[in-house]
Structures are given as structure tokens and as C-alpha cells.
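Structure first, then comments.
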Amino acid sequence: MAYEHIRFPERGEKIRIVDGRLKVSDNPILGFVEGDGIGPDITRASQRIWEAAVEKAYGGKRKVHWAELYLGEKAAGIYDGDYFPAETLEAIRELIVAIKGPLTTPVGGGFRSLNVSLRQDLDLYACVRPVRHIKGVPSPLKHPEKVDIVLFRENTEDVYAGIEYESGSPEAEKVAKFLKEEMGATFFDEAGIGVKPISPFGTRRLVRKAIEYAIDKGRESVTLVHKGNIMKFTEGAFRNWGYQLIAEEFGDQTITEQELWDKYDGKCPEGKVIIKDRIADIMFQLMLLRPDEFDVIATTNLNGDYLSDAVAAEVGGMGIAPGANMADYLAVFEATHGTAPKYANQDKVNPSSLMFSGVMMFDYIGWSEVVDVINDAYPKVIGKKIVTYDFARQMGGATTVSTSSFADALIKEINAG
């Protein structure tokens, strides 16, 4: 495809899919969207950190070649007001792997969130968020080190499918009339109406991805989180379809929690992943009281939205929480927080969410040495209490630094490591 504004680096090579796996050269082209608000600040800092880690890990034998892509306010300035240019979506499809900063949804009736649009238009059905505590990062928990989960949130269904009708609109009245007269439903007049679709197809592919991850990474358990005690034919069905998929495709590699106790007295046989399920509201309590009982979580869209943010707060907040939106192969990694426009261009905020999303990206393309370099250096910098303002206000005796200076400190630690 000929692109109007996007240019791919001449020396890099595109990632390919060969025999169902990513084929990554030593010089891959990775797409990036710098994002809105604080996006440029954290993107510049993160790219410097990633490049330093790549150099440290491979001594010049491997190198990332960046292709800038455009979404949000920067895109609008380039594409005559278009915040969501079609060629950016096509470029992501072609490159397979990309990373983006936070995006602003423009003010105006009927305009969908750019993040939601990206997930839906590219069918990035799994929102993947690892949440673990890093030594030295301030936390409200007594034992934050017990938090180490990876959450798989279904991205395309549930209330985020966007099937919603405004109170008093002809569409809402039509749906209400049908529900009351044809289906016998009862609810107050003039209600706004939303529809919550959850399908076997959407559930199965999300649960499959979570199970495959747990097996590949040697994780101990996968927990299906749902509100099936109330919404039996959507959330309850998610649970049931999940168990069916696991039994059909992963029966030799998994064991249910009930089988664990009925047959093995609570001692998991070697090589098995334990399958659990929990009601959503109870799960919030358990992640505070007994977080070490959970490992990989698979859940519906809205539950995952709440739970991922709440658990991130246990280990330092959204400023440090990484994330990705994935299809079978396509993956867009992202900062999980907002654009914080009041801090735009102030070189002030914590770049860690985007930076660690990049760590996820390097793990995804198989460059585990880069992951190790950054994961080794980061807690050393935090241990010296060299932090941005968000951490400094929670730590005694901290040295408050800018976004770029935090990157400098981390790069210095990487090079010294």
C-alpha cells in the first residue's frame, strides 16, 4: 500500500508470521504513536530507555527501527482533522507490532473513544495487563510483593460493544416497547437502554489466549472472573464456555480447582495449570486479602476494566501499569493512563506505564534479554529514590526528577549493570 504520510525506515525489516509464529529479524520495524497530552514526553523518554537496553543486551547486533504512525491530535493536524486515519490502521496491520501513548477522544457528540475504536476496528480482542509489585515502589498494601498477576480482559463485547440508546430517543422507546410487550420485561419508563452481548466465540478466543499464555510462561493458575450469579446467560455463560473450551482444547494440561482437592488433596500434579473461577465482587476483596492465590485472570470487558485499575493501585497506580491490546498475532502496546493535558510538554510525569508496555512488547517479539536489562535496572533506580513527582510525594527523602531525568537515571543504571 502507498501511504500518504507514513514512512517506513529503509533499513529495517517488517515482522512476518511464519508457521503460526512471529518471525522477527535483528532489525525489526516497530510502529509507534507518540500520543496526546503527555504522550510526546513519555514516548521520547521511553524510546531512549528501550534503545539503551537493546544496545546493552546485544551490543549493536540488534536494533529497532521506528516507524511513526499517527492517531489523535497529531493525526488531526496532518490529515485535515481526521483523528483516526485509515492508513494508520493499515500500517499497524502491516507492521503487526506497535506501541502508542495515551490518546484524547475529541469533544463532540457520537465520537467513539479512539482507544475503543482501535481495538474494535483491528479486532484486538484481548486487553492484557500484567500487574506486579516492583521493590521500592510505594504501595498501600502491607505485602505488595504478593501481587503478581496477568489479566486478560475481553475487548470487543460486553457493554463496550457500544449498543446503547439514549433515554427518550425513538430507538430507546422502540427497544423498550419490544422488551415490555414482546418479552415481558419490566423496568422504569424513559430508561436509557444498553445491550450486553457476550458470545461463545468471543469468550473462547479470550480464554484460549489466557490459557496459552499461562502454559507458555509456566504460570500456576487461570481464574475466570464473572458475575454469573446474577447475569446467568452472559457472565455465567462466559464462565461455562470458558470451562468447555479448556476441557476441549487443554484437558491434558489443566486441572480444575475442584479436581485439585477431590483427587489430589490440594497438591497440583506437575505440569498442570489450575483452573479457578470467582464472582467479580468477591475477586476485588480477594485481591486485597489474598492476592498471591491468583496468577492469570480471564474476564469480561467491564469487570476487567474495573479490576485492572484497582489491582494496579495496589502496586503503585496507573502511572506504572503496562498494557497491550492483542489479536491472534497483531499487538498494540499502550500506556494505560490518560493524556493528563495539564502536564503536557512539562517534562514532569512518570514514563513507567509506557516504558513497561515496551518491556511487554520486547517480550512479545522474543527479545527477553531487553526485558531482563530493564527489569534489573529499574528497582535499583527506585531504590535510590530517584523518582518523578507521583512517587516522590509518597516516599520520604526522595529526589524528584523530570521525565527525561528519570530516563537519564535509568539509562545510567542500564549502562552500569
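Along the sequence shown, residues carry numbers from 1.
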Is there side-chain contact between [X] and [Y], with heavy atoms separated by less than 4.5 Å?
| X | Y | result |
| --- | --- | --- |
| Ile215 | Val273 | yes |
| His226 | Ile279 | yes |
| Thr400 | Thr388 | no |
| Pro269 | Ile255 | yes |
| Ile211 | Tyr213 | no |
| Ile149 | Val296 | no |
| Val33 | Leu103 | yes |
| Lys146 | Glu293 | no |

A quick test of your reading: do over 12 heavy atoms of other residues, nucleotides or ligands sit less than 6.0 Å from [atom1] of [X]?
| X | atom1 | value |
| --- | --- | --- |
| Glu248 | CD | yes |
| Asp216 | CG | yes |
| Asp252 | CG | no |

Side chain to side chain contact (heavy atoms under 4.5 Å, CB included) against [X], all qualifying residues, sequence neighbours excluded:
| X | answer |
| --- | --- |
| Pro85 | Leu71, Ala75, Tyr79, Asp82, Thr88 |
| Lys63 | Asn27, His65 |
| Glu249 | Arg204, Arg208, Leu245 |

Hey, are [X] and [Y] close enough for a salt bridge, meaning a charged N less than 4.0 Å from a carboxylate O?
| X | Y | value |
| --- | --- | --- |
| Glu145 | Arg132 | no |
| Lys412 | Asp408 | no |
| Lys217 | Asp363 | yes |
| Asp123 | Arg205 | yes |
| Lys209 | Asp328 | no |
| Arg93 | Glu87 | no |
| Glu220 | Lys272 | no |

Would you check if the side chain of [X] reaches a backbone N or O of [Y] as a donor-acceptor pair within less than 3.5 Å?
| X | Y | answer |
| --- | --- | --- |
| Glu164 | Val195 | no |
| Ser169 | Glu166 | yes |
| Asp277 | Thr223 | no |
| Thr254 | Phe250 | yes |

Run the salt bridge (charged side-chain N to carboxylate O under 4.0 Å, His left out) test against [X] and tell me which residues pass, sequence neighbours left out.
| X | result |
| --- | --- |
| Glu51 | none |
| Asp26 | Arg62 |
| Arg219 | Asp148, Asp295 |

Just verifying a value: how many Å separate [X] [atom1] and [Y] [atom2], rounded to the nearest 0.5 Å?
| X | Y | atom1 | atom2 | value |
| --- | --- | --- | --- | --- |
| Ile134 | Asn375 | CD1 | CG | 7.0 Å |
| Asp36 | Thr339 | CG | OG1 | 6.5 Å |
| Tyr125 | Asn301 | OH | CG | 14.5 Å |
| Asp121 | Thr156 | CG | OG1 | 12.0 Å |
| Thr403 | Ile42 | OG1 | CD1 | 8.5 Å |
| Gln244 | Trp241 | CD | CH2 | 8.5 Å |

Listed partners of [X] passing ring pair (Phe, Tyr, Trp, His ring centres under 6.0 Å), at least two apart:
| X | value |
| --- | --- |
| Tyr243 | none |
| Phe333 | Tyr364 |
| Tyr58 | Trp367 |
| Phe8 | Tyr3 |

Chi angles and distances behind the side-chain hydrogen bond (donor to acceptor under 3.5 Å, both in side chains) call for Ser404, Asp347:
CA-CA 7 Å; Ser404 56; Asp347 192 26; 2.7 Å; yes
Are the aromatic ring centres of Tyr343 and Tyr389 under 6.0 angstrom apart?
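That pair passes the under 6.0 Å test.
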If you compare all heavy atoms of Ile38 against all heavy atoms of Gly338, which two are closest, and at what distance to 0.1 Å?
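Taking Ile38 first and Gly338 second, the nearest heavy atoms are CD1-O, 3.9 Å.
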Chi angles and distances behind the salt bridge (charged side-chain N to carboxylate O under 4.0 Å, His left out) call for Glu55, Lys61:
CA-CA 8 Å; Glu55 176 62 28; Lys61 294 179 180 179; over 6 Å; no
Is it the case that Thr203 and Glu154 place a side-chain donor and acceptor less than 3.5 Å from each other?
no
Could you pull out all donor-acceptor pairs under 3.5 Å where a side-chain atom in residues 302-317 meets a protein atom, sequence neighbours excluded?
| unit_1 | atom_1 | unit_2 | atom_2 | d |
| --- | --- | --- | --- | --- |
| Asn303 | ND2 | Glu235 | OE1 | 2.9 |
| Asn303 | ND2 | Thr300 | OG1 | 2.9 |
| Asp305 | OD2 | Tyr160 | OH | 2.3 |
| Ser308 | OG | Arg129 | NH1 | 3.1 |
| Ser308 | OG | Gly304 | O | 2.8 |
| Ser308 | OG | Asp305 | O | 3.3 |
| Asp309 | OD1 | Arg129 | NH1 | 3.1 |

Chi angles and distances behind the side-chain hydrogen bond (donor to acceptor under 3.5 Å, both in side chains) call for Asn325, Asn155:
CA-CA 8 Å; Asn325 298 295; Asn155 239 354; 2.8 Å; yes
Passing candidate, salt bridge (Lys or Arg N to Asp or Glu O under 4.0 Å) with Glu68, options Arg7, Lys100, Lys74:
Lys74
Just distance, no hydrogens or angles: give the donor-acceptor pairs under 3.5 Å from side chains in residues 349-358, sequence neighbours left out.
| unit_1 | atom_1 | unit_2 | atom_2 | d |
| --- | --- | --- | --- | --- |
| Asn350 | OD1 | Ser352 | N | 2.9 |
| Asn350 | OD1 | Ser352 | OG | 2.5 |
| Asn350 | ND2 | Asp390 | OD2 | 3.1 |
| Ser352 | OG | Tyr378 | OH | 2.6 |
| Ser353 | OG | Ala321 | O | 2.5 |
| Ser353 | OG | Thr336 | N | 3.1 |
| Ser353 | OG | Thr336 | OG1 | 3.4 |
| Ser357 | OG | Gly323 | N | 3.1 |
| Ser357 | OG | Glu334 | O | 2.6 |
| Ser357 | OG | Ser353 | O | 2.8 |

